[in-house]
There are 2 protein chains.
Amino acid sequence: MNSQISDLKFFLSPRSIAIIGASENFASISGKPLHFLIEHDYKGRVFPVNPKYDTLGGLKCYKSVLEIPEPVDLALLAVNFRYVLPALKQCVEKKVKFATIFASGFAESGEEGKEKKKQMAELAEKSGMRICGPNCQGSVSLKERVIGGFSASLGVKPLNSGPIGYVTQSGALGYSIFSLAQEAGVGFSYVASTGNEVDLHTLDFMEYMLENADTKMIISYLEGIKNGKQFIRIADRALELGKPIVALKACRSEIGQKAACSHTASLTGSDAVCDAFFRQKGIIRVNDIENMIDIAALMQRIPALPQGKGVGLITTSGGAGILMADEATDMKLTIPEMDPESRKAIMEVIPPYGSALNPVDVTAQVINEAEDFMKVLQIMVKNPEIHALVIVVTQITGESGRRMAEDIVKISRLTTKPITVAWTTGDKLVGDNLKILSDGGIQYFKSPVRAVRAMGALMKYTDFRKRTLAANTGFIEKDAIKTRESAISFLTDKEKSLTEHQGKELLALYSIPVTKEEIADSEEKAVGIASAIGYPVAVKIDSPDILHKTEAGGLKLNIKNTSELIPAYREVLKNARSYNSKARINGVLVQQMISGGTEVIVGINNDAQFGPVVMFGLGGIFVEILKDVSLRIAPVTIEEAIEMIKEIKGFKVLAGARGRAKADIMAIADVLVNVSRLAVELEDKIAELDINPLLVLPEGQGVYVADALAIKQ
Amino acid sequence: MNSQISDLKFFLSPRSIAIIGASENFASISGKPLHFLIEHDYKGRVFPVNPKYDTLGGLKCYKSVLEIPEPVDLALLAVNFRYVLPALKQCVEKKVKFATIFASGFAESGEEGKEKKKQMAELAEKSGMRICGPNCQGSVSLKERVIGGFSASLGVKPLNSGPIGYVTQSGALGYSIFSLAQEAGVGFSYVASTGNEVDLHTLDFMEYMLENADTKMIISYLEGIKNGKQFIRIADRALELGKPIVALKACRSEIGQKAACSHTASLTGSDAVCDAFFRQKGIIRVNDIENMIDIAALMQRIPALPQGKGVGLITTSGGAGILMADEATDMKLTIPEMDPESRKAIMEVIPPYGSALNPVDVTAQVINEAEDFMKVLQIMVKNPEIHALVIVVTQITGESGRRMAEDIVKISRLTTKPITVAWTTGDKLVGDNLKILSDGGIQYFKSPVRAVRAMGALMKYTDFRKRTLAANTGFIEKDAIKTRESAISFLTDKEKSLTEHQGKELLALYSIPVTKEEIADSEEKAVGIASAIGYPVAVKIDSPDILHKTEAGGLKLNIKNTSELIPAYREVLKNARSYNSKARINGVLVQQMISGGTEVIVGINNDAQFGPVVMFGLGGIFVEILKDVSLRIAPVTIEEAIEMIKEIKGFKVLAGARGRAKADIMAIADVLVNVSRLAVELEDKIAELDINPLLVLPEGQGVYVADALAIKQ
């Protein structure tokens with residue numbers, strides 16, 4: 001655990017808690033935390049603070065936090081927002097380690113609130129006392145029974161402790177999710193509600209929980225990402241540890257973003273970049289609370305993560321098998337067909353109108369013979385291509401249902417392959433069968449689609465993780481400093497952007513192939529350069545003041561010989577001068593023409609949260625009309641680059657559709673990797689870079705940057 | 001009600017039922033129907049038939065159906081599949097009106113089963129006795145307590161009767177859905193399980209239920225569509241009546257389709273065509289049982305369908321509001337912003353950190369003042385742009401929660417705008433509040449996303465229905481017979497396909513603009529035609545034996561004058577002869593060249609289930625690589641045609657992206673309408689037709705068929 005993150009220990013596991021503004025009304029926000037701490041038998045010291053009382057809940061009540069005779073790890077501020085700052089200052093004086101502020105009315109409401117929020121942030125910064133909130137509902141350590149919040153859901157007894165860590169930016173929705181998850185059997189290690197995040201934020205808690213041995217998965221409700229780089233670090237570490245992060249990331253829509261602004265006064269950032277980040281780091285994104293709870297519930301109950309994305313589907317009803325197959329296909333899981341021998345063995349124990357493919361339809365008849373269902377389970381579990389089982393039981397009731405439930409529990413004890421069940425029967429009919437499953441550690445659902453969706457999320461996670469860990473990650477960094485130094489020499493002048501030629505020199509430093517070209521300051525030199533490069537060539541005006549060369553008439557393509565070159569040279573100069581008479585002109589760029597390539601676009605943008613982001617797309621209508629682009633946070637590994645290329649809808653154009661030559665995909669991937677290296681090393685220097693087009697030749701023949709525009713920071 | 005469909009009355013509402021193979025074991029498939037009919041107090045006559053017993057369940061038991069002294073409307077065959085045919089024959093002799101066969105083992109299992117299935121179908125055909133099944137779980141009329149099935153879910157008392165009709169091709173999954181829906185409070189009018197559908201099928205029941213006054217919505221589980229034309233008729237009628245049809249249509253995936261084949265031995269047809277059909281007719285497609293049950297439950301409890309797709313979102317938690325806004329945006333609902341006056345009125349009753357936009361975040365504080373929440377509800381309901389409300393209540397418990405629930409019920413009584421609630425709290429906390437909602441007729445959910453998804457489905461339905469009914473549907477049919485007669489004259493020869501020129505003549509008959517062109521059989525004639533048309537022209541070989549003119553070198557484009565025309569004429573003839581020396585050559589087509597148009601593709605295909613289907617897409621990579629096409633069942637109205645055009649991803653190309661001229665979209669729509677008319681009128685003559693390309697000029701300048709290929713039936 002690194003030192004930067006270990007210091008949340010006494011927030012989540014405080015030895016002593018002061019409740020400032022504690023009240024005798026245990027139904028109120030200011031009364032509940034004391035009530036809950038007592039009720040749930042918190043083992044540390046509790047100090048109610050309120051000048052109105054001498055004792056509260058059988059404990060001595062203090063007039064002020066300063067009167068408390070012992071050290072205080074955590075102060076819960078249950079006071080109105082007007083009293084928050086004075087109380088905080090006393091906490092600092094008392095050397096309280098952490099303070100949680102419940103009150104709302106800061107960032108959300110005008111200038112006064114904003115000012116107070118700023119003061120709180122400064123207080124935290126200067127004093128070293130870390131602050132959580134305001135406008136949060138408090139945090140909880142289930143195992144240590146630190147119930148430091150006021151949500152009604154914390155009044156339920158017992159609260160389930162377990163392996164799921166949970167961070168939420170929303171208090172009310174956040175604890176609703178907690179409540180529904182608890183009733184679905186999900187046990188939590190820690191819950192952190194962070195509200196307006198003046199100091200501590202969701203990612204801080206996520207990072208801490210990740211290193212906690214009791215926590216096997218982190219689920220989260222997020223609106224905005226406060227620190228993209230920290231999230232990258234967390235995501236990498238989570239992948240290393242094999243602890244999945246599930247993100248219910250809201251604000252996909254414009255109206256959603258506007259609503260988030262209005263209630264947390266925070267910018268939510270680009271959802272497209274965030275989505276790309278999730279994909280790049282194997283973070284499981286969900287769009288509803290149910291899906292998140294389903295995944296957590298399943299994670300908690302399986303013996304190990306599924307080891308791949310081959311799913312075995314078993315059903316007592318053909319229809320349910322089809323629904324599962326449809327969903328598994330949508331999720332891009334694999335549904336391996338059973339081998340002939342297994343098929344034969346299965347057909348021996350199921351009726352002839354069943355099916356031994358996958359989905360395996362055992363039919364309702366399988367219930368008639370005690371051993372048959374177990375045999376099918378054994379065969380499926382043994383199949384090395386199957387990494388998890390999803391079983392649908394329709395209306396099998398009574399003794400037969402009980403036997404099936406028991407068989408499922410039994411097989412689950414003989415394998416580490418995860419198993420889940422959709423038992424699609426109303427509660428009145430299903431009897432104790434669900435209890436048998438539940439007691440046996442099997443997570444069940446009522447919908448076949450939900451069962452596949454939850455298991456599928458975990459299967460895809462492991463599949464992604466395996467591929468990522470197996471991949472040769474990281475780019476070659478040995479020359480980084482030297483390259484950066486050379487690069488910076490291009491970037492020292494006062495111009496806002498680089499000329500095309502400078503841009504290409506910069507790209508060439510990062511081993512990105514560019515067209516052969518040179519600047520000519522006379523017709524003779526132009527002729528000389530052209531014949532050295534070889535015809536055909538292009539000529540382009542080279543001026544820091546003319547960025548849009550086509551618009552200025554400063555560009556002539558496909559010049560086949562000297563007699564075409566001279567007039568072209570003169571024309572671009574003339575056009576440039578009449579376009580902008582004050583333009584400083586460095587000369588005329590004489591450039592190699594590459595023919596027969598496919599045009600693609602590679603770009604860099606600096607995202608406010610995640611830093612440099614690499615973009616890839618096909619030229620022309622694909623990017624312009626279809627917005628068919630893929631994004632990744634830099635740096636990009638070669639494997640990620642290949643995925644980026646394959647991810648776009650128009651990939652078939654590069655893959656050799658309709659008898660075209662297959663494009664040099666590896667060469668594009670190299671460019672993406674190298675551009676991402678440039679983006680990282682020059683993050684403070686380059687604001688934006690567009691290679692448009694990058695010409696891609698057939699496989700083995702490489703790529704060339706035909707034009708590039710770089711804008712400085 | 002038309003005579004064709006009225007005759008299911010005595011199937012769903014029989015006056016007397018014989019149970020052939022009835023058993024004294026009330027837990028068995030053969031015992032349950034008798035048990036259920038008695039238990040649920042069926043009012044008609046019941047005749048158990050089984051030579052083993054004298055009485056069963058207190059009723060006289062008959063040796064054979066022939067011994068029953070009274071007429072029998074419905075026979076339930078609860079016998080093994082070997083005895084089905086003899087029993088059916090006796091039923092025919094007894095003049096039984098309907099027979100339901102439970103036994104499985106026919107279509108699913110080999111030649112013997114297939115043969116028996118065929119015999120059953122023939123028996124139904126010849127005798128007029130209609131057969132349901134085999135391999136079905138029986139049908140139910142809830143209101144009349146005809147519990148003619150053996151599913152365990154029918155043993156629950158009481159069964160909820162209500163306005164939802166339900167047809168299912170899957171027995172086991174089908175009655176699972178029934179069971180879950182019943183527990184969710186969904187009341188059914190009729191349930192029909194159709195199994196292998198040797199005679200009566202899902203659509204027959206759908207059609208019957210549609211005309212039933214007690215049925216307001218039909219939900220369905222479908223794998224394959226038996227009669228597309230019947231489904232079209234049903235869908236049109238349903239739209240006319242305003243009764244939504246919800247389809248859980250499985251077999252979206254290849255593996256799903258394979259599984260369906262293996263368990264029902266039926267072909268599932270093209271899912272893409274089926275999906276287009278659903279879109280065209282306003283059928284609500286769902287992919288999971290939960291979504292279907294949610295929609296039915298909501299439909300049952302709202303006073304009227306929402307009158308548009310403007311949704312009002314109210315929440316006690318900002319986060320939940322965002323989740324709703326995200327989902328509503330995904331569904332393409334509108335989320336009208338509240339007008340300034342309403343905003344002001346709302347801000348007066350909610351805290352300053354709430355939001356009076358839409359979503360309206362009343363915050364948890366709204367619970368402190370008794371009247372405030374009601375005021376917000378009133379303002380929202382009054383807004384004419386809002387057609388339905390979705391309200392999220394997070395963890396508001398106790399007295400405050402009760403008051404909110406009561407307010408919601410109260411406001412629902414003052415408006416016909418539908419209202420639903422997501423109360424996102426665990427059961428242990430929510431207390432009686434959900435019961436208050438439920439007793440007050442309000443459907444609630446636990447997930448904000450599910451609530452929006454269910455309401456949104458109904459909102460989109462009404463929006464679609466209004467637009468469709470308002471549209472000037474139907475194409476001009478007055479000349480149909482005449483046009484068909486003229487068209488058929490082209491189609492009488494023995495060739496498998498039409499030449500380009502014939503194809504265009506056919507299209508022209510249907511008022512579809514084609515390029516000016518004529519066949520020349522000499523160079524002189526070619527010159528004459530070209531000068532009459534005006535240069536530039538194209539020349540193309542015209543031969544019934546050369547369909548791929550480019551491949552044969554039988555095509556020259558962009559001929560600018562006579563001196564280019566003569567050699568081109570000669571070359572295409574020469575090339576054609578050397579490509580296929582036996583080809584019959586009609587001459588050389590001299591054709592107008594249209595320049596500057598955008599290429600689109602229009603096609604007709606005959607779908608095995610739905611008949612002629614019209615396809616539209618942009619030329620080039622859009623269709624070839626991105627498969628970016630839209631489909632509609634013919635005939636296509638002008639409004640549907642416009643939707644088809646707008647639906648493709650590349651629509652911006654036509655709409656005038658990046659300074660292009662806007663294309664003549666209305667002219668394309670006309671072509672789609674006219675092509676669909678041709679498709680319908682010549683369904684028995686034309687198997688396939690491809691207009692590729694149709695050249696689209698800028699707005700107001702029309703379109704031209706540049707090439708066409710028609711293949712005959």
Side-chain angles (χ1 to χ4, degrees), chain A residues 104-105 108-109 151-153 156 170 172-173 175-176 179-180 182-183 221 250-253 255-256 259-260 262-263 288-290 316-323 325-326 329 335 352-353 355 359 361 364 394-395 397 424-429 446-447 449 624-626 649-650 652-653 657-658, chain B residues 104-105 108-109 151-153 156 170 172-173 175-176 179-180 182-183 221 250-253 255-256 259-260 262-263 288-290 316-323 325-326 329 335 352-353 355 359 361 364 394-395 397 424-429 446-447 449 624-626 649-650 652-653 657-658:
Chain A
S104 48
E108 318 91 321
S109 51
S151 163
S153 58
V156 172
S170 167
L173 178 69
Y175 273 104
S176 282
S179 158
L180 294 169
Q182 285 270 308
E183 291 203 355
Y221 171 81
C251 305
R252 301 195 311 278
S253 66
I255 293 181
S262 94
H263 97 106
D288 189 22
I289 60 181
E290 285 188 331
T316 59
S317 150
I322 299 170
L323 289 184
D326 285 350
T329 304
I335 310 171
Y353 54 91
S355 169
D361 178 4
T394 45
Q395 282 183 37
T397 55
T424 60
T425 307
D427 291 331
K428 287 178 192 159
L429 287 167
K446 290 205 167 171
S447 135
V449 169
E624 287 158 14
I625 291 182
L626 300 173
K649 296 187 197 80
K652 284 182 193 164
V653 170
R658 299 188 65 230
Chain B
S104 48
E108 318 92 321
S109 51
S151 162
S153 59
V156 172
S170 166
L173 177 69
Y175 273 103
S176 283
S179 159
L180 294 168
Q182 285 271 308
E183 290 203 355
Y221 171 81
C251 304
R252 300 195 311 279
S253 66
I255 293 182
S262 94
H263 96 107
D288 189 22
I289 61 180
E290 284 188 331
T316 59
S317 151
I322 300 169
L323 289 185
D326 286 350
T329 305
I335 310 173
Y353 54 92
S355 168
D361 179 4
T394 43
Q395 282 184 35
T397 54
T424 59
T425 307
D427 290 331
K428 287 178 192 159
L429 288 167
K446 289 206 167 170
S447 137
V449 169
E624 287 158 14
I625 291 181
L626 301 173
K649 295 187 196 82
K652 284 182 193 164
V653 170
R658 300 189 64 233

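Lettering follows sequence order; numbering is per chain, from 1.
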Evaluate the side-chain proximity of [Y] to [X]: yes if any heavy-atom separation is below 4.5 Å, no if none is.
{"X": "B/S179", "Y": "A/T424", "value": "no"}
{"X": "B/D427", "Y": "A/E183", "value": "yes"}
{"X": "B/L323", "Y": "A/Y221", "value": "yes"}

* Asked: When rounded to the nearest 0.5 angstrom, what distance separates CG in A/L429 from CG in B/L180?
  -> 9.5 Å
* How long is the gap from CG on A/L173 to CD1 on B/I322, to the nearest 0.5 Å? -> 9.0 Å
* Based on non-hydrogen pairs under 4.5 Å, which of A/T425, A/I625, A/T397, A/V653 is most in contact with chain B? -> A/I625
* Structure fact -> Checked A/A325, A/G426, A/G650 vs chain B; the most non-hydrogen pairs under 4.5 Å come from A/G426
* Asked: Is chain A contacted by the side chain of B/I335, its backbone, both, or neither, given a heavy-atom distance below 4.5 Å?
  -> both
Exam field: side chain [X] to backbone [Y], donor-acceptor pair closer than 3.5 Å:
{"X": "B/S447", "Y": "A/I289", "value": "no"}
{"X": "B/S317", "Y": "A/A172", "value": "no"}
{"X": "A/Q395", "Y": "B/S151", "value": "no"}

* Asked: Which atoms form the tightest heavy-atom contact between A/S253 and B/D326, and what is the distance?
  -> OG-OD1, 2.7 Å
* Structure fact -> Highest number of heavy-atom pairs under 4.5 Å with chain A among B/K649, B/K652, B/E290 belongs to B/E290
